[in-house]
Amino acid sequence: MTPAIIAFVVVLLIGAPVAVVMAISGVAGVYSLGGERLVGIIADRMFSGVSGYMLIAVPYFIFTAELMNQGGLTQKLIAFNNALFGRIRGALSHVNVTVSLFFAGLTGAAITDTVAIGKIMIPEMKKQGYDAEYAAAITACSSIIGPIIPPSVVMVVYATLLRDISVIDLFAGGILPGVLMTLALLLTSIVLAWLRGYPKQAGTPIRVAVFAFLSALPAMLVPLIILGGILSGMTTITEASGFAAVYAIFIGMVFYRNLTLHKIWQALVTTVKFSGVVFFLLATSAVLGWFVTRSGIAREAAEMITTISDVPFIQIMLVCLLLIVLGTVMDVLPALVVIGPVVVPAMVSLGFDPLHFAIVMIVTLNIANVTPPVGMTLMTAARIAEVPYERAIVASLPFYAAFISVVVLLAVFPSLSTWIPSLLD
């Protein structure tokens with residue numbers, strides 16, 4: 001175990017990509033277990049890590065999201081949500097949150113949400129008198145709803161990596177926590193808007209609101225198509241993701257008429273780049289995961305947790321704190337593939353429901369997306385807002401507190417994660 005830890009720390013400190021870090025530390029760990037006799041298993045583990053049929057859904061989901069971005073969906077969603085919240089003080093702030101809720105059913109990735117929505121909403125919020133750092137903070141914080149509301153690339157990776165929970169249960173389990181995070185953000189946004197006197201807009205005529213709804217409706221049907229097919233059992237997750245991509249091309253070219261062949265090509269290029277990163281991470285994590293399983297690290301982690309406390313709430317909060325700390329230096333997917341094989345078996349052995357802990361883990365890792373010093377979504381939003389990162393961090397603290405309250409609720413009440421999946425049994 002020691003050679004693997006040394007290799008992991010050294011290679012990470014020299015600035016190597018996380019996938020390379022996992023590959024080298026995994027090889028070092030495997031070699032320490034059985035020498036050259038076990039080295040031959042590395043290629044087999046890497047192949048098995050990316051050979052799952054379900055993983056075909058990952059590039060399809062990414063492709064669907066990119067098609068909707070290229071097809072002008074964001075503007076339609078913003079217009080519809082603006083019609084809903086226009087008369088409420090701080091309207092654009094609330095629109096920012098609700099657009100992310102709708103957009104979450106299409107992207108499954110926080111950074112995509114931040115860029116697509118931020119480039120439109122942040123300049124408009126600044127123009128109407130909102131503080132630049134506030135605009136950056138609300139955009140970044142609302143974007144992390146994306147990987148929690150299904151479909152979610154993170155959940156597909158989780159199900160493939162750990163294989164103790166079906167992706168269908170993960171999708172169903174993420175619905176209520178995603179809604180809770182949205183409500184927590186909205187409540188915080190409403191309070192801050194009144195305290196700071198942010199502007200409100202003129203009311204939207206009913207005819208305009210209906211038109212905005214009808215314009216956004218075809219796009220909003222995408223997540224319903226995906227989830228309806230999967231949760232009803234009519235399609236597999238792979239089939240649903242493929243159909244969603246075909247549907248996105250159709251409405252982009254025929255209904256919205258903003259999607260050209262050149263934009264489809266750009267979406268394909270982005271899909272290949274992002275998918276390559278995901279699959280490389282999965283391949284190398286399979287080697288490290290095999291080593292973790294054979295070495296007994298998960299068992300040792302469980303023993304260490306129990307020595308600190310035997311109270312379940314304290315145990316899960318300690319792990320959440322570890323996840324947030326890890327998330328400050330890693331993005332969500334790398335952090336998941338590094339820590340997942342260690343803490344998940346440990347927590348299950350301590351008596352935690354696998355689905356409950358999976359949702360808590362995914363939510364907590366996504367909160368780390370806005371946790372400094374890395375906080376990629378917050379950093380991206382700060383750049384769009386042209387505001388110092390430090391000011392965006394301060395502005396995000398009320399929303400961060402709202403997120404932590406949701407994590408505590410999820411930890412205390414497992415039914416928030418397991419109730420909807422139980423209805424599907």
Side-chain angles (χ1 to χ4, degrees), residues 52-58 60-62 64-65 98 100-110 113 144-185 220-245 247 316 320 332-333 336 340 344 347-348 352-367 403 406-425:
Y53 175 72
M54 184 174 60
L55 285 175
I56 299 175
V58 171
Y60 274 128
F61 282 143
I62 298 170
T64 301
T98 52
S100 290
L101 175 64
F102 286 105
F103 211 67
L106 305 172
T107 62
D113 190 316
I144 67 173
I145 300 171
I148 298 167
I149 294 285
S152 166
V153 172
V154 175
M155 290 180 178
V156 175
V157 171
Y158 186 104
T160 304
L161 182 67
L162 295 160
R163 301 183 182 181
D164 58 344
I165 306 173
S166 72
V167 72
I168 296 177
D169 284 342
L170 286 173
F171 276 12
I175 295 174
L176 196 51
V179 172
L180 285 175
M181 293 182 73
T182 304
L183 293 175
L185 280 180
M220 291 190 292
L221 289 177
V222 175
L224 295 180
I225 290 172
I226 297 173
L227 290 180
I230 295 172
L231 299 182
S232 66
M234 295 177 60
T235 66
T236 65
I237 180 175
T238 307
E239 293 166 346
S241 63
F243 184 75
Y247 176 77
I316 198 170
C320 287
V332 176
L333 284 179
L336 174 63
V344 173
M347 297 302 285
V348 172
F352 287 90
D353 181 86
L355 178 58
H356 170 223
F357 180 71
I359 298 300
V360 171
M361 182 176 184
I362 290 171
V363 170
T364 305
L365 281 176
N366 277 285
I367 291 174
F403 283 150
V406 173
V407 171
V408 172
L409 283 175
L410 294 176
V412 173
F413 302 105
S415 59
L416 293 174
S417 305
T418 60
W419 177 61
I420 294 181
S422 69
L423 300 178
L424 304 177
D425 295 338

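Side-chain contact between His356 and Leu416 is absent, with no heavy atoms from C-beta onward closer than 4.5 Å. Between Tyr158 and Val344 the shortest side-chain heavy-atom distance falls below 4.5 Å. In this structure, Phe171 and Val156 have side chains that are in contact, with non-hydrogen atoms separated by less than 4.5 Å. Between Met361 and Leu336, some side-chain heavy-atom pair lies under the 4.5 Å cut-off. Counting only heavy atoms from C-beta outward, the side chains of Leu185 and Ile145 approach each other to under 4.5 Å. Looking only at side-chain heavy atoms (C-beta outward), Pro177 and Val406 stay at 4.5 Å or farther from each other. No side-chain heavy atom of Thr235 sits less than 4.5 Å from a side-chain heavy atom of Phe243. Within the 4.5 Å cutoff, the side chain of Ile165 has no heavy atoms near those of the Met155 side chain.
The two residues Phe352 and Ile316 make their nearest non-hydrogen contact at CE2-CB, 3.9 Å. Residues Ile148 and Asn366 come closest through the heavy atom pair CG1-ND2, 4.2 Å. Scanning all heavy atoms of the two residues, the minimum distance from Val154 to Pro147 falls at CG2-CB, 3.9 Å. Among all heavy-atom pairs drawn from Leu355 and Pro421, the shortest one is CD2-CG, 3.6 Å.
Between atom CG of residue Leu183 and atom CG of residue Leu176 there is a gap of 9.0 Å, rounded to the nearest 0.5 Å. The CZ atom of Phe357 sits 10.0 Å away from atom CD1 of Ile362, with the distance rounded to the nearest 0.5 Å.
Within a 6.0 Å sphere centred on CZ of Phe403, other residues, nucleotides and ligands contribute more than 12 heavy atoms. Atom OH of Tyr247 has more than 12 heavy atoms from other residues, nucleotides or ligands within 6.0 Å.
The backbone N or O of Glu239 lies less than 3.5 Å from a partner atom in the side chain of Thr236, making a donor-acceptor pair.
Checked against side chain to side chain donor-acceptor pair (under 3.5 Å), Ser166 has the following partners two or more places apart in sequence or in another chain: Asp169. For Thr364, the side-chain contact (heavy atoms from CB on, under 4.5 Å) partners are Cys320, Leu323, Ile324, Val360, Val407, not counting sequence neighbours.
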Report the C-alpha distance between Met181 and Ile149 in whole Å, list the side-chain angles of each, state the deciding distance to 0.1 Å, and finish with yes or no for side-chain contact (heavy atoms from CB on, under 4.5 Å).
CA-CA 10 Å; Met181 293 182 73; Ile149 294 285; over 6 Å; no

